[in-house]
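Presented below is the structure to which this report refers.
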Amino acid sequence: MRGGRMLSTVLGRMLFGVVVSVLALVEAACAHEIRPAYLQIDEMAANRYKVVWRTPMLSGMRLPIVLGFPASVRNVTEPAERELPDSLVQTRVIETDGGGLAGKRVEFVGLQATITDVLVRVHLLDGTVETTMIHPSQPWIDFAANRSPLAAARVYFLSGFQHILLGIDHLLFVFGLLFIVRSRWILVKTITAFTVAHSITLAVATLGKVAVPALPLNAMIALSILFLGPEIVRVWRGQTSFTIRHPWIVSFAFGLLHGFGFASGLTALGLPQGDIPFALLMFNLGVEAGQLVFVGLIILLVAALKSIEIRLPRALELMPAYVVGILGAYWTIDRIAAMLGGTA
């Protein structure tokens with residue numbers, strides 16, 4: 001009996017440690033919110049370009065990233081700044097020597113000290129559009145004479161892939177769904193319903209058809225995660241509910257909410273309207289790829305545990321419910337407090 005109590009105590013401490021560690025990671029992620037910067041360069045005439053430089057704001061502070069043009073580039077007009085709720089936009093006209101931008105390097109001074117990427121889009125007079133994603137590990141761009149037409153597709157795809165893998169709340173919702181479904185067929189229906197739903201709202205939000213305020217949306221997404229915690233407990237107890245019998249319906253309903261959340265990763269770039277349909281398609285494919293990778297890894301992990309016949313104590317079987325429920329509750333309270341306090 002004493003050994004059983006000791007095991008329960010150890011497991012309880014392990015569970016508490018896991019939850020505290022995850023909360024710490026979540027707090028760190030919230031403290032370092034990732035919003036991409038955006039540089040748009042439009043060729044106006046031979047060797048003359050309009051430059052729009054958009055940097056995100058975090059807690060009212062602009063990220064310390066500065067554009068560094070080569071000495072052969074001069075300002076035709078001085079930078080004019082415009083402050084938006086979530087970013088600072090700087091506009092200027094520049095002029096280069098002969099040859100235009102080809103062979104020149106633009107540096108992003110200070111980017112290496114952040115976790116922010118920069119999307120660079122160049123539109124030339126001949127209709128060529130070049131799109132590149134710059135990372136803190138290499139804070140500059142060298143403009144080549146020619147760039148692969150697949151480069152833009154790759155940039156948007158990887159942006160969507162990264163967005164879902166860094167979206168802890170979205171992944172936690174999918175994680176919770178996996179513990180409710182009872183067969184492979186239901187799993188396919190549930191994941192498909194979530195995919196279809198968030199694809200719909202991702203499209204309508206990115207195309208500007210519907211706008212949802214960020215703070216209430218984030219609170220509702222947190223509530224969707226909290227909702228799954230008790231449902232996992234019901235499964236563990238052998239009980240049933242509408243969600244357990246029809247998880248794909250619930251997945252579709254909440255997927256509509258999460259789609260608006262995904263849209264923030266694309267709309268934050270401030271792309272021109274003409275680029276949005278193609279960017280939307282590739283970004284969504286990236287989101288789906290990241291989601292399938294996550295689901296596949298969880299399924300492989302579960303299969304591996306079963307293959308080596310590891311029998312977890314009953315107390316640990318409820319750990320997913322505790323993690324999902326506690327984090328859902330934490331996010332819900334935190335985001336409602338932010339909404340009532342009017343903070344971003």
Side-chain angles (χ1 to χ4, degrees), residues 25 29 32-41 52-56 58 63 65 86-87 105-108 110-123 128-144 146-175 191 194-195 198-199 201-203 205-207 255 258-298:
L25 289 173
H32 302 282
E33 183 179 357
I34 300 174
R35 296 181 184 177
Y38 179 56
L39 174 63
Q40 179 175 329
I41 301 178
V52 178
W53 171 231
R54 177 173 177 168
T55 52
L58 184 60
L63 286 181
I65 309 172
D86 61 347
S87 59
R105 170 177 291 188
V106 174
E107 298 183 351
F108 302 91
L111 182 66
Q112 65 274 16
T114 73
I115 57 172
T116 300
D117 295 326
V118 180
L119 178 67
V120 179
R121 178 185 180 276
V122 180
H123 188 188
T128 302
V129 178
E130 302 176 0
T131 306
T132 308
M133 187 70 79
I134 305 301
H135 306 289
S137 58
Q138 185 175 309
W140 67 82
I141 178 173
D142 292 317
F143 292 101
N146 296 294
R147 196 173 294 271
S148 168
L150 295 178
R154 179 177 177 273
V155 166
Y156 295 130
F157 180 88
L158 291 179
S159 180
F161 189 85
Q162 181 186 55
H163 186 78
I164 179 66
L165 292 185
L166 293 177
I168 301 175
D169 48 358
H170 302 300
L171 290 182
L172 193 61
F173 180 80
V174 175
F175 179 75
I191 296 301
F194 184 68
T195 296
H198 73 61
S199 296
T201 48
L202 171 61
T206 305
L207 293 172
H258 285 255
F260 286 114
F262 291 140
S264 64
L266 192 55
T267 56
L269 298 176
L271 295 173
Q273 288 295 317
D275 280 11
I276 287 180
F278 177 70
L280 175 62
L281 172 63
M282 299 311 302
F283 184 88
N284 195 45
L285 290 176
V287 168
E288 300 315 318
Q291 179 179 291
L292 290 176
V293 167
F294 175 74
V295 172
L297 289 176
I298 297 298

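This structure is a prediction, so every number in the text was calculated from the model and none was measured.
Taking CD1 of Ile164 as the start and CG of Leu171 as the end, the distance is 4.5 Å to the nearest 0.5 Å. Residue Leu111 holds its CG atom at 8.5 Å from CD1 of Ile134, rounded to the nearest 0.5 Å. Taken from CZ in Phe175 to CG in Asp169, the straight-line distance is 15.0 Å, to the nearest 0.5 Å. Atom NE2 of His135 and atom CD of Gln112 lie 15.0 Å apart (nearest 0.5 Å). We find the CZ-CD1 distance between Phe108 and Ile141 to be 6.0 Å, quoted to the nearest 0.5 Å. Between Asp142 atom CG and Thr132 atom OG1 the span is 10.5 Å, to the nearest 0.5 Å.
Residues Tyr156 and Leu281 have side chains not in contact (no heavy-atom distance under 4.5 Å, counting atoms from C-beta outward). Considering only heavy atoms from C-beta on, Phe262 stays 4.5 Å or farther from Asn284 through its side chain. When side chains are defined from C-beta on, Gln291 counts as touching Thr195, because their heavy atoms get closer than 4.5 Å.
Outside the 6.0 Å centre-distance limit, the rings of His258 and His198 are not counted as a close aromatic pair.
Minimum interatomic distance between Arg54 and Ser87 (heavy atoms only, all atoms of both residues): NE-OG, 3.0 Å. Between Gly259 and Thr201, the closest heavy-atom pair is CA-OG1, 3.1 Å. Across all their heavy atoms, Asp117 and Pro136 have their closest contact at OD1-CD, 3.4 Å. Listed here is the closest heavy atom pair of Ala289 and Phe157: CB-CZ, 3.7 Å.
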If you apply the rule side chain to side chain contact (heavy atoms under 4.5 Å, CB included), what do you find for Phe283 with Thr206, and how did you get there? CA-CA 11 Å; Phe283 184 88; Thr206 305; over 6 Å; no
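Within the 3.5 Å criterion, the main-chain N or O of Val155 finds no donor-acceptor partner in the side chain of Ser159.
The aromatic rings of His163 and His170 sit tilted, their planes meeting at an angle between 30° and 60°.
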